[in-house]
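For reference, positions follow the sequence shown, starting with 1. These values consider heavy atoms only, across backbone and side chains, with no hydrogens, waters or symmetry-generated copies. The model shown is predicted, which means the values in this text are computed figures rather than measured ones.
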Amino acid sequence: MPERIPPHSAGKSAEPGHRANAVSASASATDGYPAARPSVVRRYDFDAPTDRTGTDSLKFDRHVERGKRPDLLSLWVADMDFPCPDEAVEALVKRARHGIFGYSEPGSAYYQAVCDWMERHHRWRPDPAWFVHTPGVVSALALIVQAFTHPGDAVLVQQPVYYPFGSSIRNNGRHLVNCPLVYDAEAARYHIDFDAFERAVTQHNVKLFLLCNPHNPGGRAWSADELRRLGTICLRHGVIVASDEIHMDFAYSPCVHVPYASLGDEFAQQAIVCTSGGKTFNLAGLQTSNTIVPNPRLRRTLRAQVARSGYSQPNSLGIVATQACYRHGDEWLAQLKRYLAGNLQLVRDHFANHAPAARVMIPDSTYLVWIDLRAWGRYGADLERLVEEDAGLWLDCGDMFGEDGDGFVRINMATQRAYLQQALQQLTDALAAHPPTDRQA
């Protein structure tokens, strides 16, 4: 196995951070005025090494506590190895210097920033009155399950899917109904069987559908037509749709993200849309999300459940950072997506050249890459051993996302390119030592 590069020491020498040719501090991120394009564009160097060790990072500081070897290269949990936009850092520093972090609630400038962003990027403008604050999308999903179903009720998912969907259902004593996505192995792409979806709804008397839009781990940005077909079935049978849209801002052209509630009022009135700047701007640790509920009856029900949970005001620093990012983060995100597109091309080329039997699912959106390794005939714990012991990596293996994901791995490509290159080399070296069996699940 090649000598490992310590986390994020790869690449050119640089001071901590990532700004190059930066302008001076931006306008205040809390002054309540809409964002304007800067006259001088800051240039961000996403290749600059940023050492996350010693920051209580789940990805880099908690190997041993989670039963992993400390030397594994870490590309599992879905946060990025890039600092957030400079304007957010500046706003946080200003707020920190105030020195008081008491109970806080978002004001009008916060809602304007979020709604302006949704309108600029997704042609959808939610009403600030629709917002329900939750500490994260995963928390929101659990609260939605509690609010709109009873123990034993059926909740529908489409596996393989982000694993907290299943835990939110099972941990609350509800019945998980799986209508698997249809996998086209040749195209390495997921589709929906709409007839099977409606049969699952009717046969199990489904009350709630947890939609992953864009899809994690497969990366599909569902089209307006696909969403309408799903939504029409749910409307016909009185099923509430909770749409996890946390990866909404990563759609790569020509793909676009379609917010479920933007399909029209009849769909919006039976929908709960879960959003956050946590993925877009790497703010997950600040635990701030916006759950958007257009229907006043559903909104009252969810707010009552949030109150029963004991949660009230959001994280004060999360408010500051989220507002700053939504007001000033357009150029940062544009540069980030160009960098991620380069990383995705690296992943495609590397597997094509070194492990062509692997099928790389090219995401329409997200920085997560879903890779079909079933040609090697390794599943479950056996695949995990290959990834960890032979390749020296910490990845999410596919069985975590449901039995339909077994034999796949998920790689987080939102990291410095040199680190990603080394991880890919270690994985394909390990695969080369175990020739494909061509046995598919």
S.K.: Does one side chain, of Ser289 or Thr134, offer a donor that lies under 3.5 Å from an acceptor on the other?
M.R.: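 Per modelled atom types, Ser289 and Thr134 side chains form a pair under 3.5 Å.
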S.K.: Test side-chain contact (heavy atoms from CB on, under 4.5 Å) on Leu424 and Val347 and set out the steps.
M.R.: CA-CA 7 Å; Leu424 294 172; Val347 174; 4.1 Å; yes
S.K.: Say whether, by atom type as modelled, one donor and one acceptor occur between the side chain of Thr232 and the main chain of Arg229 under 3.5 angstrom.
M.R.: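 No, because the side chain of Thr232 does not come within donor-acceptor range (under 3.5 Å) of the backbone of Arg229.
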S.K.: Test Met361 against Leu368 for side-chain contact (heavy atoms from CB on, under 4.5 Å), laying out the working first.
M.R.: CA-CA 10 Å; Met361 190 172 289; Leu368 306 167; over 6 Å; no
S.K.: Specify whether His63 and Trp394 have parallel, tilted or perpendicular ring planes, treating 30° as the upper limit for parallel and 60° as the lower limit for perpendicular.
M.R.: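 The arrangement is perpendicular - the two ring planes meet at more than 60°.
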S.K.: Could you check if a side-chain atom of Leu156 sits within less than 4.5 angstrom of a side-chain atom of His204, using non-hydrogen atoms only?
M.R.: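 No; the side chains remain at least 4.5 Å from each other.
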S.K.: Does any donor atom in the side chain of Tyr183 or Asp372 lie under 3.5 Å from an acceptor atom in the other side chain?
M.R.: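 Distance-only check passes for Tyr183 and Asp372.
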S.K.: Side chain of Arg374, backbone of Ala358: donor and acceptor closer than 3.5 Å?
M.R.: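 Side chain of Arg374 to backbone of Ala358, a donor-acceptor pair under 3.5 Å: no, none is there.
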S.K.: Can you tell me how far the CZ atom of Arg62 sits from the OG atom of Ser57, to the nearest 0.5 Å?
M.R.: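 If we round to the nearest 0.5 Å, Arg62:CZ and Ser57:OG are 8.5 Å apart.
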S.K.: Please tell me whether Tyr339 and Phe82 form a close aromatic pair, meaning their ring centres lie under 6.0 Å apart.
M.R.: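 Under 6.0 Å, so yes.
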S.K.: With a 4.0 Å cut-off on N to O distance, would you call Lys59 and Asp79 a salt bridge?
M.R.: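 Here Lys59 pairs with Asp79 in a salt bridge, since their nearest N and O are under 4.0 Å apart.
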S.K.: Is Asp364 salt-bridged to Arg189, going by a charged N under 4.0 Å from an acidic O?
M.R.: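 Result for this pair is yes, salt bridge flagged.
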S.K.: Evaluate the criterion side-chain hydrogen bond (donor to acceptor under 3.5 Å, both in side chains) for residue pair Asp404 and Asn178; output intermediate values, then yes/no.
M.R.: CA-CA 10 Å; Asp404 303 283; Asn178 176 32; 3.0 Å; yes
S.K.: As an exercise, state the distance from CG of Leu317 to OG1 of Thr288, rounded to the nearest 0.5 Å.
M.R.: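 OG1 of Thr288 is found 8.5 Å from CG of Leu317.
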S.K.: Report yes or no: does Tyr162 contribute a side-chain atom to a donor-acceptor pair with the main-chain N or O of Val138 at less than 3.5 Å?
M.R.: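 No.
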S.K.: Would you give the length of the straight line joining atom CZ of Phe46 to atom CD of Gln416, rounded to the nearest 0.5 angstrom?
M.R.: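 These two atoms lie 10.0 Å from each other.
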S.K.: With a 3.5 Å distance limit and no angle check, can you tell me whether Asp153 reaches the backbone of His150 through a side-chain donor-acceptor pair?
M.R.: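 Yes; judged by distance alone, with no hydrogens or angles, the pair exists.
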S.K.: Strictly distance-based, threshold 3.5 Å: is any side-chain N or O of His121 a donor or acceptor partner for the main-chain N or O of Asp330?
M.R.: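 Here the side-chain-to-backbone pair does not exist.
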S.K.: Between Leu431 and Trp376, is any pair of side-chain heavy atoms under 4.5 Å apart?
M.R.: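 In short, these two side chains touch, coming nearer than 4.5 Å.
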S.K.: Do the non-hydrogen side-chain atoms of Pro151 and Asn172 ever get within less than 4.5 Å of each other?
M.R.: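 Result no, sub-4.5 Å side-chain heavy-atom pair not found.
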S.K.: Would you find a donor on one side and an acceptor on the other, under 3.5 Å apart, between the side chain of Lys337 and the backbone of Ala251?
M.R.: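 Here the side-chain-to-backbone pair exists.
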S.K.: Please determine whether a side-chain nitrogen of the Lys or Arg among Arg385 and Asp382 lies less than 4.0 Å from a carboxylate oxygen of the Asp or Glu.
M.R.: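 Salt bridge: yes.
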S.K.: Charged N to carboxylate O under 4.0 angstrom, Arg327 versus Glu87?
M.R.: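 Looking at Glu87 together with Arg327, the answer is no, because their closest N to O distance does not fall below 4.0 Å.
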S.K.: Would you kindly say whether His133 and Thr291 are connected by a side-chain donor-acceptor distance under 3.5 Å?
M.R.: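 No pair is found: no donor N or O on one side chain lies under 3.5 Å from an acceptor on the other.
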S.K.: How close do Leu72 and Glu388 get, counting heavy atoms only, and between which atoms?
M.R.: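 Heavy atoms of Leu72 and Glu388 come nearest at CD2-O, 3.5 Å.
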S.K.: Shortest non-hydrogen contact from Leu333 to Asp249?
M.R.: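 Scanning both residues, the minimum pair turns out to be CD2-O, 3.8 Å.
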S.K.: Are more than 12 heavy atoms from other residues, nucleotides or ligands located less than 6.0 Å from atom CD of Glu403?
M.R.: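 It does not: Glu403 CD has 12 such atoms or fewer within range.
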S.K.: Verify side-chain contact (heavy atoms from CB on, under 4.5 Å) between Asp193 and Asp195, making sure each step is shown before the conclusion.
M.R.: CA-CA 6 Å; Asp193 184 334; Asp195 291 335; 3.7 Å; yes
S.K.: Grab the two heavy atoms, one from Leu298 and one from Phe148, that are nearest each other, plus how far apart they are.
M.R.: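 Between these two residues, the closest heavy atoms are O-CZ, 3.4 Å.
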S.K.: In terms of side-chain geometry, is the basic nitrogen of Arg236 or Glu198 positioned less than 4.0 Å from the acidic oxygen of its partner?
M.R.: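 Looking at Glu198 together with Arg236, the answer is yes, because their closest N to O distance falls below 4.0 Å.
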S.K.: Quick one: does Thr322's side chain get under 4.5 Å of Leu286's, heavy atoms only?
M.R.: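 No, every pair of side-chain atoms sits at 4.5 Å or beyond.
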S.K.: Using every non-hydrogen atom in the two residues, find where Arg95 and Ser104 come nearest and quote the distance to one decimal.
M.R.: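 Minimum heavy-atom separation between Arg95 and Ser104: NH2-OG, 4.1 Å.
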S.K.: I need the minimum non-hydrogen distance between Val387 and Cys397, along with the two atoms involved.
M.R.: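 Result for this residue pair: CG2-SG, 4.2 Å.
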S.K.: Is Glu384 salt-bridged to Lys68, cutoff N-O under 4.0 Å?
M.R.: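 Counted as a salt bridge, because a side-chain N and a carboxylate O are separated by less than 4.0 Å.
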S.K.: Whether the Asn315 and Gln287 side chains hold a donor-acceptor pair (N or O, under 3.5 Å, no angle test) is what I'd like checked.
M.R.: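 Note: Asn315 and Gln287 side chains miss the donor-acceptor criterion.
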S.K.: Indicate yes or no for a side-chain donor-acceptor contact from Asn343 to the backbone of Thr415 under 3.5 Å, with no hydrogens or angles considered.
M.R.: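 Side chain of Asn343 to backbone of Thr415: a pair is present.
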S.K.: Does the side chain of His247 come within less than 4.5 Å of His257's, by heavy atoms?
M.R.: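 Result no, sub-4.5 Å side-chain heavy-atom pair not found.
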S.K.: Does Glu245 offer a backbone N or O that forms a donor-acceptor pair with the side chain of Asn213 under 3.5 Å?
M.R.: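 Here the side-chain-to-backbone pair does not exist.
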S.K.: Answer yes or no: is there an ion pair linking Arg52 with Asp61, defined by an N-O contact shorter than 4.0 Å?
M.R.: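 So Arg52 does not pair with Asp61 through a salt bridge.
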S.K.: Within this structure, what is the OH-CZ distance for the pair Tyr163 and Phe165, rounded to the nearest 0.5 Å?
M.R.: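 One gets 12.5 Å once the value is rounded to the nearest 0.5 Å.
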S.K.: Check whether any side-chain heavy atom of Gln425 lies under 4.5 Å from a side-chain heavy atom of Gln421, and answer yes or no.
M.R.: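 Gln425 vs Gln421: side chains touch.
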S.K.: Between Phe401 and Trp370, is the ring centre distance below 6.0 Å?
M.R.: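 Yes, ring centres under 6.0 Å apart.
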S.K.: Using the benzene-type ring in the case of Trp, are the ring centres of Trp117 and Phe281 under 6.0 Å apart?
M.R.: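 Ring centroids of Trp117 and Phe281 are less than 6.0 Å from each other.
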S.K.: Taking Gln426 for the side chain and Ala391 for the main chain, is one N or O donor matched with an acceptor at less than 3.5 Å?
M.R.: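 Such a contact is found between Gln426 side chain and Ala391 backbone.
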S.K.: Determine whether the aromatic ring centres of Tyr110 and Tyr326 lie less than 6.0 Å apart.
M.R.: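 They do not qualify: ring centres at least 6.0 Å apart.
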S.K.: Assess whether salt bridge (Lys or Arg N to Asp or Glu O under 4.0 Å) is satisfied between Arg69 and Glu389, documenting all intermediate values.
M.R.: CA-CA 9 Å; Arg69 282 178 12 213; Glu389 296 177 13; over 6 Å; no
S.K.: Provide the closest heavy-atom pair for Trp332 versus Cys84 in the form atom of the first, atom of the second, distance.
M.R.: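 In this case the closest contact between Trp332 and Cys84 is NE1-C, 3.9 Å.
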S.K.: Quick check: do Ile192 and Trp222 have side-chain heavy atoms less than 4.5 Å from each other?
M.R.: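 They are in side-chain contact.
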S.K.: Are the aromatic rings of Tyr260 and Phe209 close, with centres under 6.0 Å apart?
M.R.: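 Tyr260 vs Phe209: aromatic centres not under 6.0 Å.
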S.K.: Decide whether Arg338 and Gln335 meet the rule of one side-chain donor and one side-chain acceptor closer than 3.5 Å.
M.R.: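 There is no such pair (donor and acceptor under 3.5 Å, judged by atom type) between the side chains of Arg338 and Gln335.
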S.K.: Rounded to the nearest 0.5 Å, what separates atom CD1 in Ile240 from atom CD1 in Ile144?
M.R.: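 Answer for the CD1-CD1 pair, Ile240 versus Ile144, is 9.5 Å.
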S.K.: We want to know whether Arg410 and Asn216 form a side-chain donor-acceptor pair, criterion being a heavy-atom distance below 3.5 angstrom.
M.R.: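 Yes, because at least one side-chain N or O of Arg410 sits under 3.5 Å from a partner of the opposite role on Asn216.
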S.K.: Out of curiosity, Cys115 SG to Asp127 CG, how far, rounded to the nearest 0.5 Å?
M.R.: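 Answer for the SG-CG pair, Cys115 versus Asp127, is 7.5 Å.
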S.K.: Is a salt bridge present between Glu186 and Arg359, judged by a nitrogen-to-oxygen distance below 4.0 Å?
M.R.: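 Looking at Arg359 together with Glu186, the answer is yes, because their closest N to O distance falls below 4.0 Å.
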S.K.: Step by step, would you call His215 with Gln158 a side-chain contact (heavy atoms from CB on, under 4.5 Å)?
M.R.: CA-CA 10 Å; His215 182 253; Gln158 297 170 303; 5.9 Å; no
S.K.: Is any side-chain heavy atom of Leu263 closer than 4.5 Å to a side-chain heavy atom of Val258?
M.R.: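 Leu263 vs Val258: side chains touch.
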S.K.: Is it true that Ser223 and Asp225 share a donor-acceptor pair across their side chains at a distance under 3.5 Å?
M.R.: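 Judged by distance alone, the side chains do not pair up.
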S.K.: Kindly say whether Ala221 contributes a backbone atom to a donor-acceptor pair with the side chain of Ser365 at under 3.5 angstrom?
M.R.: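 No, because the side chain of Ser365 does not come within donor-acceptor range (under 3.5 Å) of the backbone of Ala221.
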